[in-house]
Number of protein chains: 2
Amino acid sequence: MAMKLPSRPVPLDGEPLGRGARKQLTRERLLDAALTLMSRGHSFPSLSLRELTREAGVVPTAFYRHFRDMDELGLALVEECGLTLRRLLREARKGGVPTHDIIRHSVAIYLQYVRAHPRQFRAATSERSGGSPAMRQAIRTEVGHFVREMAQDLRQLGFRPDLPSETLEMICSLVVNTMLNAASDILDLPPEQPQLARELEANFVGQLRLIFLGAEQWRAEPGAP
Amino acid sequence: MAMKLPSRPVPLDGEPLGRGARKQLTRERLLDAALTLMSRGHSFPSLSLRELTREAGVVPTAFYRHFRDMDELGLALVEECGLTLRRLLREARKGGVPTHDIIRHSVAIYLQYVRAHPRQFRAATSERSGGSPAMRQAIRTEVGHFVREMAQDLRQLGFRPDLPSETLEMICSLVVNTMLNAASDILDLPPEQPQLARELEANFVGQLRLIFLGAEQWRAEPGAP
DNA sequence: GTTTTCAGTGAACACTTGTTGACATTGGAT
DNA sequence: ATCCAATGTCAACAAGTGTTCACTGAAAAC
């Protein structure tokens, strides 16, 4: 008699994982597969469920044990990328702020971080204006959190304590937009063109300098002289 | 005997159009259909050829008389949107520059223009980082043209004649990124929420003010004191 | 030790997709 | 008036899609 092949939930793992842990593992595999496929040029809305599960090494129907549909996976993905972004900010906070040439230094750190997490950043920048309305909204919210956190950090660092939070956030939102644009540009660069990369980096540094130059000059109350 | 239905290239048009004109017309219909579908939430890479031709009111195979594949249509679309952008700049140039409250005025004009061409702007901002690599590159080039043109305009207006073109373009690229982000934000707003729209507009104005404040303070040679 | 829960499997469905080839119709050059 | 090229239509294809259903096997609950 022909026996059915046994289900192999974790084919390559010797560790005796618990059931819940196993579930979370394949869930992460699915998210990971999405990031990988996106980093190969696919844009999220053009990903098919089957393609995704194929890449994840699971059968199509297994998908439904984790997400209702692709939109739900998209939202989870956004959350994950948001987490990556926050980690960046947290690490930057820990590292302390160098007193000299802050911007150039921060840019170097940031770009290094971007290159270390290309898939997350490509996904984030790519779906920021590309995905479904729900996904765009989610990303917008996530970016909003990031902006607020950054503004708070600036305040805590004693930067322009006279400015209201609104204004600080307006400035930070400009900074974040510039950062994300730069990330997108960097990741689209031909693989090994250090000259272009340096130009782009210089441009990026210049733009941030410009912004902070403006921020230092900003009058506290633009309405009244 | 069953006669084939006659082909009706222009079902609703009484005008006896020339042949070339007819071709261009359905070509425009295809491009238009793409814009329409995109403005309904679809992102370009997830558009199917059949969906497109259905919306355009043509049979799927007719597509190939105009474009080799969807990528080619995408490039044509980028070109069209680029044209729209340039027209904006040209009109702005014609209109002259108000001496007072330039930025607020320009922003109002710009947002009005964005709202008048929502589909083009949604497509442009959406595919800027979302589409195929070729499409992204095309958009990048188009935006680059726009930036250079804007920098030239600024120079001709006598703005910071001491700065090298490189620096001017760096500034303009920051401005353009901010403009496109603002467009994307505006178009994603819930249909009738004038309060949010005004907040967003104020934010936008603030960011541009900040940029130009920084630009006025920018030292001509950041390397040497 | 028995039972229950549940992540994962495989086959099947109704459908849409991109692309091909063989016609039709017609504007424009001859 | 006649032919040609080009624009468009129809029918058909293989392949891929999302989703369903009944089933399995082992971890967890009893």
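A quick note: this is a predicted structure, and the numbers were derived from the prediction, not measured. Throughout, protein chains are lettered first and strands after them, A, B, ... in sequence-line order, and every chain is numbered starting at 1.
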Donor-acceptor pair, distance only, cut-off 3.5 Å: does the side chain of [X] make one with the backbone of [Y]?
| X | Y | answer |
| --- | --- | --- |
| B:Q207 | A:M170 | yes |
| B:R122 | B:L187 | yes |
| A:T125 | A:F121 | yes |
| B:D71 | B:G74 | no |
| B:E127 | B:F44 | yes |

Could you pull out all residues at least two apart from A:H117 that satisfy ring-ring contact (aromatic ring centres under 6.0 Å, His included)? A:Y113
Spacing of B:R104 atom CZ and B:E201 atom CD [to the nearest 0.5 Å]: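 So the gap between those two atoms works out to 7.0 Å.
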Quick check for you: to the nearest 0.5 Å, what is the distance between A:N203 atom CG and A:L208 atom CG?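 Separation between the atoms: 10.5 Å.
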Return yes when atom CD of A:Q24 has more than 12 non-hydrogen atoms of other residues, nucleotides or ligands closer than 6.0 Å, and no otherwise. no
Provide, to the nearest angstrom, the distance between the [atom1] atom belonging to [X] and the [atom2] atom belonging to [N].
| X | N | atom1 | atom2 | answer |
| --- | --- | --- | --- | --- |
| A:L25 | C:dG8 | CG | C1' | 13 Å |
| A:E28 | C:dA7 | CD | C1' | 16 Å |
| B:F67 | C:dG18 | CZ | P | 15 Å |
| B:R27 | D:dG8 | CZ | P | 12 Å |
| B:H66 | D:dA6 | NE2 | C1' | 10 Å |

Tell me, which of residues 40-65 of chain A have any heavy atom that sits under 4.0 Å from an atom in DNA chain D? A:S48, A:L49, A:R50, A:R54, A:T61, A:Y64
Which of residues 69-78 of chain A sit near DNA chain D, with a heavy atom under 4.0 Å from it?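 Those residues whose heavy atoms fall under 4.0 Å from DNA chain D, taken from residues 69-78 of chain A, amount to none.
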Every protein N/O lying under 3.5 Å from an N/O of nucleotides 27-30 of chain D:
unit_1: D:dA28; atom_1: OP1; unit_2: A:R19; atom_2: N; d: 3.0

Looking at residues at least two apart in the chain, or sitting in another chain, which of them share a side chain to side chain contact (heavy atoms under 4.5 Å, CB included) with A:S39?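 With sequence neighbours excluded, A:S39 shows a side chain to side chain contact (heavy atoms under 4.5 Å, CB included) to A:R119, given in chain and number order.
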Ignoring hydrogens and angles, write down the donor-acceptor pairs under 3.5 Å from the side chains of residues 174-185 of chain B, residues two or more places apart or on other chains.
unit_1: B:N177; atom_1: OD1; unit_2: B:R128; atom_2: NH1; d: 3.0
unit_1: B:N177; atom_1: ND2; unit_2: B:S173; atom_2: O; d: 3.4
unit_1: B:T178; atom_1: OG1; unit_2: B:L174; atom_2: O; d: 2.7
unit_1: B:N181; atom_1: OD1; unit_2: A:R128; atom_2: NH2; d: 3.4
unit_1: B:N181; atom_1: ND2; unit_2: B:N177; atom_2: O; d: 3.3
unit_1: B:D185; atom_1: OD1; unit_2: A:R140; atom_2: NH1; d: 2.2

